[in-house]
Amino acid sequence: MSITVYNTLSRQKEAFSPIETDKIRMYCCGMTVYDYCHIGHARTCLIWDVVRSYLQWRGYQVNYIQNFTDIDDKILNRARQENTTMEAVSERFIAAYFEDMANLGVKKADAYPRATHSLDGIKRLVYELEQKGFAYPSEGDVYYSVRNFPDYGKLSGRKLEDLQVGASGRVEVEDPEAAKKKYPFDFALWKASKPGEPSWESNWGAGRPGWHIECSAMVRERLGETIDFHVGGSDLIFPHHENEIAQSEAVTGKPLANYWLHNGMVKVGGEKMSKSLGNFTTIRDLLAKFEPEAVRLFILQAHYRKPIDFTDEALQAATNGWHTLRQGLLFGQQYGAKLNWDKELNFDKNIALEFEKVVDEDFNFSGGLAVLFEVAKNLIKEGNILVHQGKTETLSNELQKQWQTLVKLAEVLGFEAKIDQEVKISNNGLTDEAIETLISRRSEAKKAKNFAEADRIRNELQSQGINLIDQSGGVTKWHRNS
RNA sequence: GGCGACAUAGCCAAGUGGUAAGGCAGAGGUCUGCAAAACCUUUACCCCCAGUUCGAAUCUGGGUGUCGCCUCCA
């Protein structure tokens, strides 16, 4: 069994084959840190984190790198507005990023290189591009000459002629750099600094790197000339990733990445969520209203390449779904002791294989979740049978295997459930005898049609964490809410 | 204008040639004042029209609609 992935470069699903047998090099284009992260960032970070986790589950050792763009006009603008430095702004939002991701349950990448820490590599790349005839200096800037790179457009499926037709009348008018370029679609590798802006010394004078070059430099420095997965939001395909390919491959003559994977956009009200449209919700605002696991479930229930529409209704539905899954995950903690489970780890291979079979197909987490839900629902059912009838339908060790497999697979997807401590403590208040006494008192009240009293007793027990279940024949069962 | 993707139930969503997973919501039942849990049952002309095939949600062609990229974007 092997993993297949949809490669943006070939526009089809391909069997995945790593460069090294059991190691994977993976790079994700991160954020420009000039503001709080929004839900779109959440989707990107979450989905690729889960992909990394799945690859680890499949036995690969993954080196996962995600960058921060901390040199950029937007950061500079923000610094000016707030009368501070670019560095201060980016530090602040990098810290906020880590907070948000921790709250979302997104695990850390292996390293977070920043543009400001990668200047040597960047300058070296620009220099090499210049030496090889792919770059030219112009008034203190340095530009990449796209016409010298025959493969330009191979990722996004564009031809230079097409770009010209579509963009004519727009690029030339609005682009202040147009006069310095030999060709409209050449892009900046290095920009001469303006007065008061942060700058670094270079062969071409004081300046700062362009946006795309940092990723080429960081990938090369951290992961090598060719990597397995290069991932990011689909809005980065053009021009960002196209330009990365042009920069890196012109220098090395080797593919930058074997597989280019892109996640779909987050939409709100049918429209793309973006900074420029101003229709974004920050992760902070979202997590004030919904549980992180609900957000995770919502994101993982759609295939990563499809656009998703964030609505309160959808998040509410996901919250309910998460509660179902959580109940299944709590099964062992609630009933394991009662079922005399030992500590042995024992997986249900059939479930795990079914999960793998589905998810191996281009990271179909939605299909994988269906497998988990079926197991969770069965455990919930068995839990109820146990509470109400004192036995289970399935053999205890079978249930243990199912539960352990569920917990493990859920963990791969980033879900974990913990018993609420408060409920546990409140349970210690009443003895079984006291509860039985109250129940018989309630039964008498019921017989006397004194329903107000009956409900009062129900509520009193409820508040102590005791659930009553009225069954046929006037029998009332009860169990603790742990 | 160019490039690309998508269209499956009330909502969300998997499924890429063998007769429609799963989640949420709804209805009915086990059921008995209220309440809760669980289980069972139930809810799909797979956007339209042609074609290929024994067989199509799935492949091909043509429509229609929605969205993304082409400017900073995750």
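Chain naming here is simple, since letters A, B, ... match the order of the sequence lines and numbering starts at 1 in each. If you're wondering where the values come from, they're calculated on a predicted model, not measured in any experiment. Heavy atoms only: backbone and side chains are in, while hydrogens, waters and symmetry mates are out.
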Residue list, ring pair (Phe, Tyr, Trp, His ring centres under 6.0 Å) with A/Tyr6, at least two apart or on another chain: none
Atom-to-atom span, CZ of A/Phe68 to P of B/A74 - whole angstrom: 12 Å
B/G26 to B/U66 separation - C1' atoms, rounded to the nearest Å: 28 Å
First of A/Trp322 and A/Arg442 reached from the 5' end of RNA chain B, by closest nucleotide: A/Trp322
Touch class at under 4.0 angstrom, heavy-atom based, for A/Arg458 against every strand present: base
Separation of atom CG in A/Asp73 from atom C1' in B/U71, rounded to whole Å: 13 Å
Sugar-phosphate, base or nothing in reach of A/Gln316, heavy atoms under 4.0 Å: nothing
Euclidean distance for C1', B/G15 against B/C40 (whole angstrom): 26 Å
Cation-pi geometry met for A/Arg158 and A/Phe238 (6.0 Å, 45°): yes
Length of the CD-P vector between A/Glu271 and B/G68, whole Å: 6 Å
Salt-bridge contact A/Arg284-A/Glu99 (side-chain N to carboxylate O under 4.0 Å): yes
Main-chain N/O of A/Lys181 paired with A/Ser138 side-chain donor or acceptor, under 3.5 Å: no
Sugar-phosphate only, base, or nothing, as touched by A/Lys272 at under 4.0 Å among non-hydrogen atoms: base
Sugar-phosphate only, base, or nothing, as touched by A/Ile237 at under 4.0 Å among non-hydrogen atoms: nothing
C1' atoms of B/A27 and B/U58, separation to the nearest Å: 32 Å
Rounded distance in Å - CG (A/Leu369) to P (B/A21): 17 Å
Lys/Arg N to Asp/Glu carboxylate O, A/Lys408 vs A/Glu411, below 4.0 Å: yes
Base versus backbone protein contacts along nucleotides 8-13 of chain B [heavy-atom cut-off under 4.0 Å; B, S, -]: -----S
Rounded P spacing from B/A25 to B/C34 in Å: 22 Å
NZ/NE/NH1/NH2 to OD/OE distance under 4.0 Å, A/Asp49 and A/Lys108: no
Separation of the P atoms in B/C47 and B/G33, to the nearest angstrom: 47 Å
Nearest-angstrom distance, P atom, B/C54 to B/G22: 33 Å
Lys/Arg cation over aromatic A/Phe280: A/Lys275, 6.0 Å, 45° cone: yes
Separation of atom CZ in A/Phe363 from atom C1' in B/G15, rounded to whole Å: 18 Å
Length of the line joining A/Phe355:CZ and B/G22:P, which is rounded to integer Å: 17 Å
Position toward the 5' end of RNA chain B (nearest nucleotide), A/Gly368 or A/Asn384: A/Gly368
Distance between C1' atoms of B/G61 and B/A56 (Å, rounded): 15 Å
Smallest separation among heavy atoms of A/Gln333 and A/Trp403, with atom names: N-CZ2, 3.9 Å
Sugar-phosphate, base or nothing in reach of A/Ser156, heavy atoms under 4.0 Å: sugar-phosphate
Pairwise C1' distance for B/C11 and B/U16, with rounding to whole Å: 25 Å
Sugar-phosphate only, base, or nothing, as touched by A/Thr319 at under 4.0 Å among non-hydrogen atoms: nothing
Whole-Å distance separating the CG atom of A/Asn378 from the C1' atom of B/G23: 17 Å
Sugar-phosphate, base or nothing in reach of A/Gly40, heavy atoms under 4.0 Å: base
Rounded distance (Å) that lies between atom C1' of B/C24 and atom CD of A/Glu374: 16 Å
Salt bridge (Lys or Arg N to Asp or Glu O under 4.0 Å) partners for A/Glu354, two or more places apart: none
